[in-house]
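Structure first, commentary second.
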Amino acid sequence: MDDDAGDASPPPAAAGVGATAAQSRDMAASPTSSRSVTETVNGSHRFVIQGYSLAKGMGVGKHIASETFSVGGYQWAVYFYPDGKNPEDNSAYVSVFIALASEGTDVRALFELTLLDQSGKGKHKVHSHFDRSLESGPYTLKYRGSMWGYKRFFRRTALETSDFLKDDCLKINCTVGVVVSTIDYSRPHSILVPDSDIGYHFGTLLDNHEGVDVVLSVGGERFHAHKLVLAARSTVFRSKFFDDEDGEKNEPGENDDVQEIVIDDMEPKVFKAMLHFIYRDTLVDDNELGGSSSEGSIFDTLAAKLLAAADKYDLARLRLLCESYLCKAISVATVASTLALADRHHAMELKAVCLKFAAENLSAVIRTEGFDYLKDNCPSLQSEILRTLAGCEEECSSGGKSQSVWGQLSDGGDTSGRRVRPRT
């Protein structure tokens, strides 16, 4: 058999027909390789349960759900059972679970649940997959709604006298590590191309005042800029610089003198942030965009004023960036005023999010100052909220998971923050 196997090799003469000895050596000098890498994609979410004492008594097996969060391409949620999940425990324990909230089959993951010690001593209660060996590997969730957690997470009597409960508030940190496998293989001739740096170079042009041909006076402050850059980014600036009074086009370079323009309807800090975007194509830092709406009206934040500037100067990408930023701060307390802001400045993506959020949390939203503002200034938006709610009810009517309009109005929600609705 060994002799027969050796006959499978090509005879020496055949090897010389298609390749020289030097070519054979070159081929042998450039091997390829690959490896399978299995690791976890990790993400965390903090779930704050305000009003724990009011949640008690909702019933065994009934839960409060966190907002969904994304890890590893899947949506997840934390379920907290104030009266426990297991009827046999007679509400002696609280239960906590992590649930797969999106479609998926056989999703393998590691989990960690941490009940935070609010005394400052750092004695948190931690249940974790991450810091111990797993005899049977990661936990597998078979389908949407599958859960991992603890029916007897903490005895209620002990919890209510512990440092984990402060000001009737619990804080739970959840970490999910989704197991993914990838193939890593060598690319002997690949060339790494860095990210675009055009924004950096244009920003340097703005900072150094090189070649400026226009000065914009805003609230007593002077900003040096370039007509061509402003015109390329904004149709409003293009019309201002290159259309004469009769609507005729002026060619760039016809007037070489530095032109000064007064802008009297914008604050200097807002105009500066708008220039930052025009030249760099990014928003200013978050700490410059302003604090949360709890510190004042949403209309007073830099993000809101920048949204208005984007609308005025036809900067569609800037408007969308502002919408995305403002969307992150939507809560029961801010949604009505944010809705009015979005409607005023044609921020349609933000408006749609606000309408849906307000409809889903209507009983709490109607008790806010922002809703009173809508009554006095934007009554048509109230009608849009109700129409959105009606649409949501039609979508959910077959499953019986949505309350009627009047059920929402009489439900009595929490006006101090985001309304949390149980998810099934």
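All values below were derived from every heavy atom in this structure, side-chain atoms included, with hydrogens, water molecules and symmetry-related copies excluded. Positions are given from 1 along the sequence.
Heavy-atom neighbours of D195 CG from other residues, nucleotides or ligands within 6.0 Å: at or below the threshold of 12. Around NZ of K166, the count of heavy atoms belonging to other residues, nucleotides or ligands within 6.0 Å does not exceed 12.
Y313 pairs by the ring pair (Phe, Tyr, Trp, His ring centres under 6.0 Å) definition with F237, not counting sequence neighbours. Taking F111 as the reference, W76, W148 meet the ring pair (Phe, Tyr, Trp, His ring centres under 6.0 Å) condition, with sequence neighbours excluded. Remark: F277 engages no residue in a ring pair (Phe, Tyr, Trp, His ring centres under 6.0 Å) (not counting sequence neighbours). The side chain to side chain donor-acceptor pair (under 3.5 Å) test applied to D207 returns R280, not counting sequence neighbours. With sequence neighbours excluded, no residue satisfies ring pair (Phe, Tyr, Trp, His ring centres under 6.0 Å) with H276.
Pairs passing the ring-ring contact (aromatic ring centres under 6.0 Å, His included) check and including a residue from residues 368-391, sequence neighbours excluded, read F299-Y373.
The ring of F47 has its center no closer than 6.0 angstrom to the ring center of F80.
The shortest distance between side-chain heavy atoms of S102 and L100 falls below 4.5 Å. Using a 4.5 Å cut-off on side-chain heavy atoms (C-beta onward), L283 and L318 make contact. The shortest distance between side-chain heavy atoms of R222 and L216 does not fall below 4.5 Å. At least one side-chain heavy atom of H224 sits less than 4.5 Å from a side-chain heavy atom of V215.
A distance-only check finds a donor-acceptor pair linking the side chain of D83 to the backbone of G57 [under 3.5 Å]. The backbone N or O of N42 lies less than 3.5 Å from no partner atom in the side chain of T40, so there is not a single donor-acceptor pair.
A salt bridge is defined here as a Lys NZ or Arg NE, NH1 or NH2 lying under 4.0 Å from an Asp or Glu carboxylate O, and E384 with K351 meets this definition.
Within the cation-pi definition used here (under 6.0 Å to the ring centroid, within 45° of the axis), K125 does not qualify as a partner of F164.
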